[in-house]
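Shown next, in structure tokens, is the structure this report addresses.
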Amino acid sequence: MHELYIADSILKSVRSSLPCNVAPALVTQVLVQVGKLDAVIPETLKFSFDAIKKSSAMPRAELLITEIPVRCRCRNCAHEFGIDLPVFICPACGGGHVEVLRGRGITLTRIMAEDPEGESNGNTSHS
Amino acid sequence: MEIPVIRDVLEESNARARENRAIFERHGVFVVNVMSSPGSGKTTLLQKTIPILKERAISCAVIEGDVSSTLDSERLAPLGIPVVQANTEPFGGDCHVGSHFVHAALKYLDLPSIEILFIENIGNLVCPAEFYLGEHRKVMMLSLTEGEDKPLKYPLMFRECQACLLSKMDLAPHLDANLDLLKSNIQKVNGAIHVLPISAKTGEGLMAWLDWLIAEMSNQP
């Protein structure tokens, strides 16, 4: 259950990424990319996020998760390939020394928030 | 409004791990993070490894990570080395040892007098693999009773580690374990990992493990 720790880390990252005029309560969406290799269950991460977002003063924040597939490069023949199963063997040369290029790590990529009071540019409709 | 950010969510954890690493480097401490499922034999491995290191005049210490209880550090107490029991309950019952947790434990250790520091992680094949603690090497154990499919089910752990100790080898004659299949599954996930069959009970493989450990210590980082 590292999802709870990760959810807490996401909320901390969001808080410290907000411009000083944007209160946490204005946050409506939080977008993260999660590598497939990280063994994070998206439903569990969302559940954890929803459970603790109130205590981080972001009660309306919705977590949106994009899973990033694993992409590798063979250290032997430099062939690049994607994998769906955890078999890190080069399909070109059969080599087992393979580095992971993508699909590992958790990245905060975007935060959506309502415009702060009095700073609306008129294009944003408040629902 | 849209606030674009590209930020590693675990950056705080990783920053603390880098601080740990700088402390280890300053004091010349080689740090090994030992991970496995519960009951694979992490504490037993340390019970067998540390006396041999002491005979070779290599000083050791252990940070013992558990969700609760001091049972493992009680087992290590007779070795007469510094053991810091660090329970994650006060940290919210985390399922893994975190870098902040290692950092907090360091103040209880006289680092200049330690050559190898073992971090015995919490028994779990999933979560501990995710977190960098500042260690020099990650080592995992998989006992023969756990099944040949585990590398394919928990790939991150097998990807992250530099050595995989196959423990409880003395049980092999009593099990249907297919060692060739197990080794081939490990190689599928990580062709660079060192596989070291071991039995704490018979002593099989202990010297090969010690040789690997000492070679890695001299070849750090």
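First the proteins, then the strands, lettered A, B, ... as listed; each starts at 1. Since the structure is predicted, the reported quantities are computational estimates derived from the model, not experimental observations.
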| Residues, nucleotides or ligands: over 12 heavy atoms within 6.0 Å of B:Glu19 CD | yes
| task | Evaluate the side-chain proximity of A:Glu114 to B:Met1: yes if any heavy-atom separation is below 4.5 Å, no if none is. | result | no
| request: To the nearest 0.5 Å, tell me how far B:Glu2 CD sits from A:Met112 CE. | output: 5.0 Å
| Residues in residues 149-180 of chain B that sit under 4.5 Å from chain A, counting heavy atoms only | B:Leu152, B:Pro155, B:Leu156, B:Arg159, B:Glu160
| Applying the side-chain contact (heavy atoms from CB on, under 4.5 Å) test to A:Tyr5, which of B:Cys127, B:Ser13, B:Cys95 qualifies? | B:Ser13
| Do the non-hydrogen side-chain atoms of B:Glu11 and A:Ser9 ever get within less than 4.5 Å of each other? | no
| Is there side-chain contact between B:Ile3 and A:Leu18, with at least one heavy-atom pair below 4.5 Å? | yes
| request: Heavy-atom distances under 4.5 Å only: say whether A:Arg75 touches chain B with side chain, backbone, both or neither. | output: neither
| message | Heavy-atom count check: over 12 atoms from other residues, nucleotides or ligands less than 6.0 Å from A:Lys36 NZ? | response | no
| task | State whether the number of non-hydrogen atoms from other residues, nucleotides or ligands found under 6.0 Å of A:Arg71 atom CZ is greater than 12. | result | yes
| Shortest non-hydrogen contact from A:Ile106 to B:Asp8? | O-OD1, 3.3 Å
| Among A:Ser17, A:Ser16, A:Ser13, which residue meets the side-chain contact (heavy atoms from CB on, under 4.5 Å) test with B:Val5? | A:Ser17
| request: Would you please test A:Thr109 and B:Ile6 for side chain to side chain contact (heavy atoms under 4.5 Å, CB included) and show each step? | output: CA-CA 5 Å; A:Thr109 55; B:Ile6 294 292; 4.1 Å; yes
| message | Using heavy-atom distances under 4.5 Å, tell me whether A:Val14 contacts chain B through its side chain, its backbone, both, or neither. | response | neither
| note | Scored by heavy-atom pairs under 4.5 Å with chain B, the best of A:Asp38, A:Ile10, A:Ile89, A:Val98 is A:Asp38
| query | Hey, does A:His2 have a side-chain heavy atom less than 4.5 Å from the side chain of B:Val126? | reply | yes
| task | Check the surroundings of atom CG in B:Asn219: do more than 12 heavy atoms from other residues, nucleotides or ligands lie under 6.0 Å from it? | result | yes
